[in-house]
Novice: 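Below is a structure I'd like to ask you about.
Treat the numbers as computed from the prediction; the structure is a model and nothing was measured. Residue numbers start at 1 and run along the sequence shown. For the numbers below, each heavy atom of this structure counts, side chains included, while hydrogens, waters and symmetry mates do not.
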Amino acid sequence: MIPHNRITWDSAETAAAAAAVQSGQWTCGPRVAALEQELARRAGVQHAVCVASGVSALRLALRALAIGPGAAVLVPAYSCVALANAVLACEGRPVCVDVEPGAWNLAPEAAEASRSTAPKAVIAVDTFGMPARIERLRRLGAPVIEDCAHAFGIQHEGGLLGGRADVGILSFHATKLIAAGEGGAVLTQSEAIAESVRAWRDYANRPPDGTRLNDSMTDIEAALALCQLERLDDMLEARRQIAARYDEALCPLAEASGAFHVPATPQARVWYRYAVEMTSASAEKVIDELAQNGIEAVRPVVDWRPADGPSCPVADAAYERVVSLPLYPTLSGDEQAEVIAQFRAVCEAIA
């Protein structure tokens, strides 16, 4: 089975993790501080605060923005449930907003139509590595959080990803662009936001409070993330080359068969995922057919929305039709050729 995801690592990560263990400093220590400094530099911001996970970063960022009971927070209708969970953890109210066709990022036009909810914050995801339209979303007048778990390390429209909004957040889960097993970070120019996150990531020696949890990152995770950051540019280039080979093989097939649409290819994006949108067959059918032939493809996002939520037709179609094909730096040419061949066979069978 060719897996959908594979972590990119070598002896550098092994040595870094071993050194962290041997140091005896396993919890939030000097490697976390070094990672925070490097993340701030790569995002072009004054402050980076490392935390336990991406959802920790979201929750603590929302808390720093004073999101509380009943506060409306706009979230993309096509997105990970972690966004809604973070809002709910602050007793806020996640408001689903439809996404842009082909990019699947929160649509500014749909967000503007949601002004009547009086949003107190907006969460915009750089979905599958496509930079969200942060500048347009900031015109709403509410603080914007840029979720960069899928995209980091490049510039877009003159700004570095992670530094374009009021807050940027990262996840270092094993399947993310920068993998450390677990962990996350909050990126910001605001000293007040950074200090709030630092104060609330640890419950030790604080008054009892059910919202103050253990949100610290370990030095072992930070050691791994530092290695991943060192190789990030090379990994981004490897991903770009793999996506270019997919485009070369699949664009003619998409045009000839009409069975699917290839992802958007702007000049500046990160190729975290190569996600195609089927036009007639369901994602589930295509994924099942590929699995029978040794290819692990996935529906990259699972629909978590309540049944009585607002109408979001683009998101509805994405949940039903989007298939993510294997894409990672260690995907070999032979493996990719097999993915393309099997996907072609599935498309020909359903045409």
Side-chain angles (χ1 to χ4, degrees), residues 5-61 80 82 86 125-126 129 145-154 160-163 167-188 194 197-198 200-202 213-239 270-273 327-330:
N5 190 73
R6 183 189 292 145
I7 300 173
T8 302
W9 65 282
D10 62 18
S11 58
E13 280 82 359
T14 303
V21 170
Q22 292 166 1
S23 74
Q25 183 71 63
W26 290 12
T27 188
C28 190
R31 290 166 183 81
V32 169
L35 177 59
E36 290 175 338
Q37 183 176 3
E38 182 62 13
L39 290 171
R41 185 186 72 81
R42 291 297 299 256
V45 297
Q46 292 295 313
H47 307 280
V49 185
C50 288
V51 294
S53 66
V55 73
S56 294
L58 280 167
R59 178 171 52 79
L60 294 176
C80 176
V125 183
D126 296 328
I145 298 173
E146 181 183 16
D147 184 335
C148 300
H150 296 182
F152 191 64
I154 68 167
L160 290 164
L161 300 191
V167 184
I169 72 101
L170 289 166
S171 168
F172 305 129
H173 186 266
T175 61
K176 293 298 190 292
L177 194 68
I178 301 167
E182 292 289 356
V186 175
L187 313 168
T188 183
V197 175
R198 288 192 188 100
W200 282 85
R201 69 180 171 182
D202 189 357
L213 307 173
N214 182 4
D215 288 304
S216 295
M217 189 181 194
T218 72
D219 253 33
I220 300 170
E221 292 166 339
L224 294 172
L226 280 165
C227 289
Q228 294 276 291
L229 269 179
E230 287 182 9
R231 67 171 78 245
L232 180 60
D233 291 338
D234 289 340
M235 292 195 294
L236 295 181
E237 175 58 20
R239 287 175 175 275
V270 170
W271 284 101
Y272 173 64
R273 293 278 185 253
L327 191 161
Y328 37 85
T330 59

Novice: Heavy-atom count around Glu237 CD within 6.0 Å, excluding the residue itself: above 12?
Specialist: yes
Novice: Ignoring hydrogens and angles, tell me if any N or O in the side chain of Gln37 forms a donor-acceptor pair with the backbone of Ala34 under 3.5 Å.
Specialist: no
Novice: Which value, rounded to the nearest 0.5 Å, describes the distance between Tyr328 atom OH and Tyr272 atom OH?
Specialist: 13.0 Å
Novice: If you round to the nearest 0.5 Å, how far is CG of Leu232 from CZ of Phe152?
Specialist: 7.5 Å
Novice: If I take atom SG from residue Cys148 and atom CG from residue Leu160, how far apart are they, to the nearest 0.5 angstrom?
Specialist: 10.0 Å
Novice: Indicate the atoms forming the closest heavy-atom contact of Val55 with Ala82, along with that distance.
Specialist: CG2-O, 3.7 Å
Novice: Looking at Glu36 and Arg198, is there a salt bridge between them, counting it only when a charged N and a carboxylate O are closer than 4.0 Å?
Specialist: no
Novice: Indicate yes or no: at least one non-hydrogen side-chain atom of Leu39 is less than 4.5 angstrom from one of Cys50.
Specialist: yes
Novice: CD/Glu182 to CD1/Ile220 distance, rounded to the nearest 0.5 angstrom?
Specialist: 13.5 Å
Novice: Apply side chain to side chain contact (heavy atoms under 4.5 Å, CB included) to the pair Glu221 and Leu35, showing each step before the final yes or no.
Specialist: CA-CA 10 Å; Glu221 292 166 339; Leu35 177 59; over 6 Å; no
Novice: Is there side-chain contact between Glu146 and Val125, with heavy atoms separated by less than 4.5 Å?
Specialist: no
Novice: Can you tell if the side chain of Cys28 reaches within under 4.5 Å of the side chain of Met217, non-hydrogen atoms only?
Specialist: no
Novice: Flag the pair Arg31 and Asp219 as a salt bridge only when some basic side-chain nitrogen lies within less than 4.0 angstrom of an acidic carboxylate oxygen.
Specialist: yes
Novice: Calculate, to the nearest 0.5 Å, the distance between atoms CG and CZ belonging to Leu177 and Arg239 respectively.
Specialist: 5.5 Å
Novice: Could you check if a side-chain atom of Glu38 sits within less than 4.5 angstrom of a side-chain atom of Glu230, using non-hydrogen atoms only?
Specialist: no
Novice: Over all heavy atoms of both residues, which pair between Ala179 and Ala174 is shortest? Give the atoms and the distance, please.
Specialist: CB-O, 3.5 Å
Novice: Have Ser11 and Thr14 got a donor and an acceptor in their side chains that come within less than 3.5 Å?
Specialist: no
Novice: How about Val197 and Leu60: do any of their side-chain heavy atoms sit closer than 4.5 Å?
Specialist: yes
Novice: Is the shortest heavy-atom distance from the side chain of Ile178 to the side chain of Leu229 under 4.5 Å?
Specialist: yes
Novice: For the residue pair Val45 and Gly162, what are the closest heavy atoms and their distance?
Specialist: CG1-O, 4.0 Å
Novice: Write down the atom of Ala57, the atom of Ala185, and the distance for their closest heavy-atom approach.
Specialist: CB-O, 3.5 Å
Novice: Dump the intermediate steps for side chain to side chain contact (heavy atoms under 4.5 Å, CB included) on Thr218 and Thr27, then the final yes or no.
Specialist: CA-CA 4 Å; Thr218 72; Thr27 188; 5.6 Å; no
Novice: State, yes or no, whether a side-chain contact exists between Leu161 and Ile154 at a heavy-atom distance under 4.5 Å.
Specialist: yes
Novice: Is any side-chain N of the basic residue among Arg42 and Asp233 closer than 4.0 Å to the acidic one's carboxylate O?
Specialist: yes
Novice: Mind checking whether Trp26 and Val21 have side chains closer than 4.5 Å, heavy atoms only?
Specialist: yes
Novice: Can you list the steps and then say if Val270 with Leu236 is a side chain to side chain contact (heavy atoms under 4.5 Å, CB included)?
Specialist: CA-CA 7 Å; Val270 170; Leu236 295 181; 3.6 Å; yes
Novice: In sequence, state the C-alpha distance, the side-chain angles, and the governing distance for Val49 and Arg201, and then conclude on side chain to side chain contact (heavy atoms under 4.5 Å, CB included).
Specialist: CA-CA 9 Å; Val49 185; Arg201 69 180 171 182; 3.4 Å; yes
Novice: Report the residue from Val186, Leu187, Val51, Asp147 that forms a side-chain contact (heavy atoms from CB on, under 4.5 Å) with Leu170.
Specialist: Leu187
Novice: Could you walk me through whether Ser171 and His173 pass side-chain hydrogen bond (donor to acceptor under 3.5 Å, both in side chains), step by step?
Specialist: CA-CA 6 Å; Ser171 168; His173 186 266; 5.9 Å; no
Novice: Roughly how far apart are Ser56 OG and Ile169 CD1, rounded to 0.5 Å?
Specialist: 10.0 Å
